[in-house]
Amino acid sequence: MVIANLSQPQTKIGATNILDARIRLRHLALAEAQTHGRPVTDFIWSPDLECASRAATQERQSQRVALIYEVLWDHSEFYRRKFETAGLDRNAVQSLDDIHKIPLTYPHEWLADQEDNPPWGTFSPLTQDDWLERGWMLFTTSGTKAKAPRVFRHTAVDRDLWAWHGARALYAMGVRRGDIAINCFGYGTSVAFWGLHYALTLMGVPVIPGGGVNSARRALFIDRYRPTVLLGTPSYVLTLGRELAELGIDPRASSVRLLVCAGEPGACVPSTKARIEETWNAVMHDDFGCTEVAMSPLGYTCSEEAAQKERRPNVHLMEDQYLVEVLDPETAKPVAEGERGMLVVSNLYSEAQPILRYVMGDWVRITNEACACGRTQARAIGGLQGRSDELLKVRGLKFFPAAIEDAVRSLPDVGDEFIVELTTTGELDCMKVTIEPAVELGDESKRDALKLSSEYALKGLLGVTTEVEVVPRGSLPRTTAKAKRLFDRR
Ligand SMILES: [Zn+2]
């Protein structure tokens with residue numbers, strides 16, 4: 001009877017025949033046996049991957065895509081349904097050349113799957129037995145865009161891999177033995193904090209957990225224990241710098257030399273980057289991922305890119321762990337290298353959640369040119385450009401919120417916090433920006449002058465007539481996590 005089972009094509013999810021188990025074990029073995037626990041060179045942690053030829057990187061991606069497709073076919077009810085609906089069979093994906101056959105996965109499919117199959121949904125290829133012994137932890141999205149946050153489990157193996165990925169990124173940024181880190185992300189269910197925490201631990205870098213305490217306590221930690229690496233959202237890193245100054249501690253003279261920022265695009269917004277680097281007298285780096293598909297750094301800046309002053313930094317993509325596609329949103333076909341398109345990512349390593357072709361929703365342009373640092377993997381030109389669902393259309397002009405941030409923060413007499421409101425008067429869009437002065441202004445005529453000069457400058461930078469309101473310093477809320485600055489009331 002066993003022989004008969006083996007000769008049958010797989011039709012039932014979760015069937016435990018030998019062939020099935022062998023494929024899954026191959027996947028798990030691959031997931032576990034690829035790490036370098038220590039850096040290989042003085043500058044690059046995993047040079048065999050980070051400096052591989054394009055052909056070698058693609059060969060690796062090709063093998064992984066084929067294997068993960070098989071694993072998902074056999075073990076993920078969600079993907080089996082998707083593949084069958086698309087008319088695919090178990091052998092449909094043998095290499096990267098077949099990637100276009102795989103249907104795209106959208107964020108809303110996740111919620112529907114979890115609502116229909118509570119509490120976890122049917123994405124993961126792990127079995128009930130696996131979950132009993134793989135040391136899972138729960139993570140969620142922030143839940144700001146959807147009604148409910150999306151919920152995930154990741155295993156101990158996954159978290160070990162995040163540590164290695166994160167360590168490679170931090171090493172590229174210049175984090176080394178002798179550094180001390182203060183990690184100012186919330187100690188919650190988001191993946192970014194944990195991934196960076198595990199990465200620092202793998203590197204042997206001492207960590208001061210900066211979550212769950214206020215800015216005054218963090219300032220004390222910085223002053224007394226002299227961390228050299230500060231991790232947080234760009235908004236918070238800026239706020240913390242100001243608060244240090246108010247407490248009589250000069251952030252420019254502090255021990256902090258590297259700023260590792262995640263959660264917002266600030267490290268690739270030139271005027272925000274300049275403001276933050278000036279505040280801290282430190283180099284600011286970008287680290288981005290995506291809770292659903294790229295839990296560890298998908299993108300990170302190296303020292304060469306972070307040092308750029310004349311242009312937005314380009315961000316390295318960890319292509320040995322993620323397959324990055326840039327597609328035309330209308331046709332879902334790849335755009336040419338260097339052209340802007342929609343970012344679609346496949347996770348090529350995860351044990352709990354190897355997702356294929358997930359639509360992250362960001363606009364991106366990439367280059368395959370080798371970087372001056374020696375790494376050969378693709379880079380996102382100027383980082384992520386913005387999310388397609390955030391693209392604003394104001395009086396016929398289209399731009400991302402980051403463009404407004406860049407414009408406002410480029411005005412030297414304007415403070416760090418600002419709010420943008422979009423309304424309509426009749427048929428016409430109206431944009432209002434509320435700002436604080438950079439320094440206390442004595443009288444009303446100075447506030448009026450700042451209003452007029454800011455309105456003039458923003459019209460020139462954005463091409464849109466903008467009403468500016470100047471409010472006293474300290475009136476606008478200070479940001480402690482991800483900033484909410486845009487209110488579209490149209
Ligand atoms: Zn580089």
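Both counts, for ligands and for their atoms, begin at 1 and track the order of listing. By convention here, the first residue in the shown sequence is residue 1. Basis for what follows: all heavy atoms, side chains included, without hydrogens, waters or symmetry-related copies.
Cation-pi geometry between Arg176 and Tyr171 is met: the NZ or CZ atom falls under 6.0 Å from the ring centre, inside 45° of the normal.
Using a cutoff of 4.0 Å between basic side-chain nitrogens and carboxylate oxygens, Arg60 and Glu319 are not scored as salt-bridged.
Within the protein, the N, O or S atoms sitting under 2.8 Å from the Zn ion (ligand 1) are Cys302 SG, His316 NE2, Cys371 SG, Cys373 SG.
A ring pair (Phe, Tyr, Trp, His ring centres under 6.0 Å) check over residues 247-300, counting only residues at least two apart or in different chains, returns the pairs Tyr300-His316. The stretch residues 338-348 participates, sequence neighbours left out, in no side-chain hydrogen bond (donor to acceptor under 3.5 Å, both in side chains) pair at all.
Applying the side-chain hydrogen bond (donor to acceptor under 3.5 Å, both in side chains) test to Glu264 and every residue at least two apart in sequence or in another chain returns Ser235.
In terms of heavy atoms, Leu317 sits closest to Gly299 at CD2-CA, 4.3 Å.
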